[in-house]
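What follows is a short report on a single structure.
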Amino acid sequence: ATYLDNLLPPGYRGRGVVKHYHSTMSTSYQQDTHDEFTKPDGICKILVSTAAESTGIDHPDVEIVCIAGLPSDITDLIQRGGRAVRQIAADGLCVIFHEKWACSVDPADYGLDVMNPITIDSIDFHSDIDRPRKKPLTLYSPPQDRASLACVLITKRLFCKRLFFSKCLGDTSKDGMLTIFIIPCNLLLNPNS
């Protein structure tokens with residue numbers, strides 16, 4: 001939060017435009033920060049938060065959610081990303097800034113058949129889509145071994161994210177797919193277009 005605050009124009013620095021939030025902060029700080037972020041006239045416009053402010057709390061005017069690091073599972077990704085634009089009539093954006101190693105994880109480590117192209121139809125969504133790369137996990141297992149199959153597949157840009165999320169959620173209805181993403185799949189697959 002301090003880094004982002006220092007990037008603001010001088011007149012906005014140190015005024016509470018950027019605030020941080022985590023579960024070990026005092027209840028009064030948490031409540032004040034939450035209020036300043038969610039009130040239409042609140043001063044806080046950028047909230048750097050742990051998961052403490054992402055579950056079960058509506059933030060009606062959040063337009064962009066940035067996630068630092070690969071989420072622990074697909075539900076976590078959808079939950080955090082879902083903080084963007086809780087109003088049906090607006091558009092939002094969720095950006096994942098994941099570790100470089102996520103792109104180099106081999107899907108074969110999860111038991112996927114990499115001799116054939118990985119497609120939506122080749123993924124068993126009835127199995128544990130969030131299984132870790134290595135089992136058993138220990139207290140000292142590195143993040144690469146803990147990485148969820150679903151979250152690693154998201155980094156690969158192999159297929160339509162809208163369809164992938166809806167299959168992970170078990171909702172392949174047209175309406176279910178539209179409520180997750182409104183961007184056409186070709187834009188998601190080819191970010192340069």
Is the number of heavy atoms from other residues, nucleotides or ligands under 6.0 Å of Tyr12 OH greater than 12?
-> no
Starting from [Y], can I reach [X] by hopping between I/L/V/M/F/W/Y residues whose side chains sit under 4.5 Å apart?
{"X": "Leu47", "Y": "Val17", "answer": "no"}
{"X": "Ile46", "Y": "Val62", "answer": "no"}
{"X": "Ile96", "Y": "Val65", "answer": "yes"}
{"X": "Ile64", "Y": "Val48", "answer": "no"}
{"X": "Ile43", "Y": "Leu8", "answer": "yes"}

Could you tell me which non-hydrogen atom of [X] sits nearest to which non-hydrogen atom of [Y], and how far apart they are?
{"X": "Leu158", "Y": "Lys161", "value": "N-NZ, 4.1 Å"}
{"X": "Cys151", "Y": "Leu70", "value": "O-CD1, 3.6 Å"}
{"X": "Asp130", "Y": "Ala150", "value": "OD1-CB, 3.5 Å"}
{"X": "Ala102", "Y": "Thr155", "value": "O-OG1, 3.4 Å"}
{"X": "Thr50", "Y": "Ser23", "value": "OG1-N, 4.1 Å"}

A side-chain contact here means heavy atoms from C-beta on lying under 4.5 Å apart; do [X] and [Y] qualify?
{"X": "Arg133", "Y": "Val152", "value": "no"}
{"X": "Arg80", "Y": "Pro71", "value": "no"}
{"X": "Lys39", "Y": "Cys44", "value": "no"}
{"X": "Ser49", "Y": "Phe37", "value": "no"}
{"X": "Ile123", "Y": "Phe164", "value": "yes"}
{"X": "His20", "Y": "Met25", "value": "yes"}

Can a donor-acceptor pair be found, under 3.5 Å and without considering hydrogens, that links the side chain of [X] to the backbone of [Y]?
{"X": "Gln144", "Y": "Val105", "answer": "no"}
{"X": "Asp5", "Y": "Gly14", "answer": "yes"}
{"X": "Ser166", "Y": "Leu163", "answer": "yes"}
{"X": "Lys134", "Y": "Arg146", "answer": "no"}

Residues which pass salt bridge (charged side-chain N to carboxylate O under 4.0 Å, His left out) with Asp35, listed by chain and number, not counting sequence neighbours | none
Start with the C-alpha distance between Tyr3 and Val18, add both sets of side-chain angles, then the distance that settles side chain to side chain contact (heavy atoms under 4.5 Å, CB included), and finish with yes or no.
-> CA-CA 9 Å; Tyr3 174 77; Val18 180; over 6 Å; no
From [X] [atom1] over to [Y] [atom2], what is the distance, rounded to the nearest 0.5 angstrom?
{"X": "Ser148", "Y": "Asp128", "atom1": "OG", "atom2": "CG", "result": "8.0 Å"}
{"X": "Leu149", "Y": "Asp73", "atom1": "CG", "atom2": "CG", "result": "12.0 Å"}
{"X": "Ile154", "Y": "Ile74", "atom1": "CD1", "atom2": "CD1", "result": "4.5 Å"}
{"X": "His34", "Y": "Lys19", "atom1": "NE2", "atom2": "NZ", "result": "12.5 Å"}

Sequence neighbours excluded, which residues qualify as side chain to side chain contact (heavy atoms under 4.5 Å, CB included) partners of [X]?
{"X": "Asp106", "value": "Ala108, Asp109, Val114"}
{"X": "Ser127", "value": "Asp124, Arg131"}
{"X": "Phe97", "value": "Cys66, Val95"}
{"X": "Ser122", "value": "Ile118, Thr119"}

Contacts of His22 meeting ring-ring contact (aromatic ring centres under 6.0 Å, His included) (sequence neighbours excluded), chain-then-number -> none
